[in-house]
Protein chains: 2
Amino acid sequence: MASVDAKSHENVSKEMDTLRTLMKKKGLKSTSQRDELARWIFETHNHFTVEDIIADFRNKGQRVSVATAYRVVQMMLDLGLLLEHDFGRGIKHYEHTPGHPHHDHIICNDCGKIVEFAEPELESMKEKVAIKHGYKMDTHTLCIYAECTKCTKEEKEKNKKKFAVL
Amino acid sequence: MASVDAKSHENVSKEMDTLRTLMKKKGLKSTSQRDELARWIFETHNHFTVEDIIADFRNKGQRVSVATAYRVVQMMLDLGLLLEHDFGRGIKHYEHTPGHPHHDHIICNDCGKIVEFAEPELESMKEKVAIKHGYKMDTHTLCIYAECTKCTKEEKEKNKKKFAVL
DNA sequence: GTATGTGCAAAACGTTTGCAAGTTC
DNA sequence: GAACTTGCAAACGTTTTGCACATAC
């Protein structure tokens, strides 16, 4: 579910610095667990769940505490380095923000695959709509549920119930 | 959280008929529990949670089984009479579809209030974007998280953690 | 040395399910 | 009376929390 992009390793240390600066500013302590988890998150350029983190660490033979993983994710959320998505299946998905400008998502109703897209025209229209209704837009999330062309019949059948979500 | 709009009682029986027709078509049996729950849902013109249903019935001194409430909601979802939303707090929100054309939502980051709006221009742009990316749009949900002007400072503080959601 | 973070296991949360009893068609 | 629905309580999967111990500053 989550993978590491080798080309971007150079950026990770920059992002780690940002994190440490923010943490210091808030009086949060730097620990090896936080470092390792944050590095994993910055190295991961797809959406991931907390379970993905745990699984990946376990696969590599490293131990992680579930509680700590959740706590680090919450901390980074608070520091604005992470975005939280609820794609409608009761599981929270995350993605790190540094180096990832705003985008929206198309989710396949059958296989659950998530595709990102950025559409500047849509963005400005959203802004306009918020203002029109008397709000100052903070964040926003547009999820388009659709059918992806690569879904097999079996996948469609299997997931029919599970994904009956708007 | 949910209220009954007296003016629309006339429509409720029409919608109950639709439901019964659909149920018959699928071989689903009509029971008093299903009737009462469905009527509540059709009478409720805001977003509601299953907990809202239970609470409202209990307040009126009527008993509902949690399991049955969940099952009726699932049934109506399957019949296409209900829409499910995940506004990002791990609780599912529903709204009935008859008489409610597609719309999007602005959610206050502080008090959690949900406002609906319909924007035809946005709709058609979403459709275009999906096609452009090779998808046939099924459903879609745009949530704009913003700050509502009526939020008090205390509410903001109280909910700061809880609603740190994209 | 004090404040903060960790890890475990237990609790909490909303939701689903197995099963025996009851109801509908 | 066969098939379906109900209600309970137990199970579920994800997330949070209380607490004793360990660590950072």
Side-chain angles (χ1 to χ4, degrees), chain A residues 1 19-38 47-55 57-58 62-79 82 84-94 112 159-165, chain B residues 1 19-38 47-55 57-58 62-79 82 84-94 112 159-165:
Chain A
M1 203 104 225
L19 171 63
R20 275 190 276 259
T21 306
L22 286 168
M23 283 172 66
K24 201 162 282 175
K25 202 179 286 177
K26 292 233 179 187
L28 297 162
K29 288 176 180 168
S30 176
T31 67
S32 61
Q33 290 93 327
R34 285 179 171 175
D35 262 42
E36 278 170 42
L37 286 162
H47 299 86
F48 60 89
T49 64
V50 173
E51 235 205 300
D52 290 332
I53 305 180
I54 313 280
F57 272 78
R58 297 244 161 106
Q62 291 177 261
R63 63 184 57 185
V64 235
S65 157
V66 183
T68 303
Y70 276 102
R71 287 193 271 232
V72 168
V73 162
Q74 187 57 59
M75 177 188 76
M76 291 178 69
L77 221 39
D78 289 344
L79 295 176
L82 227 48
E84 186 180 84
H85 296 285
D86 224 311
F87 292 131
R89 337 215 178 299
I91 303 167
K92 285 175 184 159
H93 289 248
Y94 301 91
N159 295 321
K160 193 165 269 178
K161 256 96 221 279
K162 208 167 172 189
F163 296 162
V165 175
Chain B
M1 203 103 224
L19 172 64
R20 276 189 275 257
T21 307
L22 286 168
M23 283 172 65
K24 201 162 285 176
K25 201 178 288 177
K26 292 233 178 190
L28 296 163
K29 288 177 180 169
S30 175
T31 68
S32 62
Q33 291 93 326
R34 284 180 170 174
D35 263 43
E36 279 170 43
L37 286 162
H47 299 86
F48 60 89
T49 64
V50 174
E51 233 205 301
D52 290 333
I53 306 180
I54 312 279
F57 273 78
R58 298 243 161 106
Q62 291 176 261
R63 63 185 56 188
V64 235
S65 156
V66 184
T68 303
Y70 277 102
R71 286 194 270 233
V72 168
V73 162
Q74 187 57 58
M75 178 188 75
M76 290 178 70
L77 220 39
D78 289 344
L79 296 176
L82 227 48
E84 184 179 85
H85 296 284
D86 223 312
F87 292 131
R89 335 215 177 302
I91 303 166
K92 284 175 185 159
H93 289 249
Y94 301 91
N159 295 321
K160 192 165 272 180
K161 257 95 220 283
K162 211 169 170 187
F163 294 162
V165 175

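Chain naming here is simple, since letters A, B, ... match the order of the sequence lines and numbering starts at 1 in each. When reading the values below, keep in mind they use all heavy atoms of this one structure, side chains included, and skip hydrogens, waters and symmetry mates.
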Length of the line joining Leu37(A):CG and dG5(C):P, which is rounded to integer Å: 14 Å
Check the surroundings of atom CD in Glu51(A): do more than 12 heavy atoms from other residues, nucleotides or ligands lie under 6.0 Å from it? no
Nucleotide dG13(D), atom P - distance to CD1 of Ile54(A) in whole Å: 16 Å
Is any side-chain nitrogen or oxygen of Arg63(A) closer than 4.0 Å to OP1 or OP2 of dT6(C)? no
side-chain N/O Tyr70(B) vs dT15(C) OP1/OP2, d < 4.0 Å: yes
Let me know the distance between CD1 of Ile91(B) and C1' of dT15(D), rounded to the nearest Å. 13 Å
Side-chain N or O of Gln74(B) closer than 4.0 Å to phosphate OP1/OP2 of dT15(C): no
Nearest heavy-atom contact between Leu37(B) and Val64(B) is CD2-CG1, 3.8 Å
Side-chain contact, heavy-atom cut-off 4.5 Å: Ile53(B) with Val72(B)? no
Scan side-chain atoms only and decide if Thr49(A) and Asp52(A) contain a donor-acceptor pair under the 3.5 Å cut-off. yes
Which atoms form the tightest heavy-atom contact between Ile54(B) and Ser65(B), and what is the distance? CD1-O, 4.4 Å
What pair of heavy atoms forms the shortest contact from His93(B) to His47(B), and how long is it? ND1-CB, 4.2 Å
Atom of Ala38(B), atom of Leu19(B) and distance for their closest heavy-atom approach: CB-CD2, 3.3 Å
Calculate the interatomic distance between Asp78(B) atom CG and dC4(D) atom P; express it in whole Å. 15 Å
Report the residue (Val50(B) or Ser65(A)) whose heavy-atom-nearest nucleotide on DNA chain C is the more 5′ of the two. Ser65(A)
Donor-acceptor pair, Arg34(A) side chain versus Lys29(A) backbone, under 3.5 Å? yes
Upstream residue (5' side of DNA chain D) when Met75(B) and Val66(A) are each assigned their closest nucleotide: Met75(B)
Can you pull out how bent the helix from dG1(C)-dC25(D) to dC25(C)-dG1(D) is, comparing the axes over its first five and last five pairs, to 10°? 30°
When rounded to whole Å, the CD to C1' distance for the pair Glu51(B) and dT16(C) reads 16 Å
Each nucleotide in nucleotides 18-25 of chain D should get exactly one letter: B, S or -. Can you fill that in based on protein heavy atoms under 4.0 Å? B-----BS
Could you tell me whether the phosphate oxygens of dG7(D), OP1 or OP2, come under 4.0 Å of any side-chain nitrogen or oxygen in Thr68(B)? yes
Could you pull out the closest heavy-atom pair between Phe57(A) and Glu36(A), with the gap in Å? CZ-O, 3.8 Å
Give the minimum heavy-atom separation between Leu22(B) and Leu79(B), together with the two atoms involved. CD1-O, 3.9 Å
Rounded to the nearest Å, what distance is computed from the NZ atom of residue Lys24(B) to the C1' atom of nucleotide dA3(D)? 17 Å
Within less than 4.0 Å of OP1 or OP2 of dT6(D), is there a side-chain N or O belonging to Arg34(B)? yes
Whole-Å gap separating P (dT15(C)) and CZ (Phe48(B)): 12 Å
Side-chain contact check for Gln33(B): nearest option of dT15(C), dG7(D), dT14(D) is dG7(D)
Separation of Asp35(B) atom CG from dT24(C) atom P, in whole Å? 11 Å
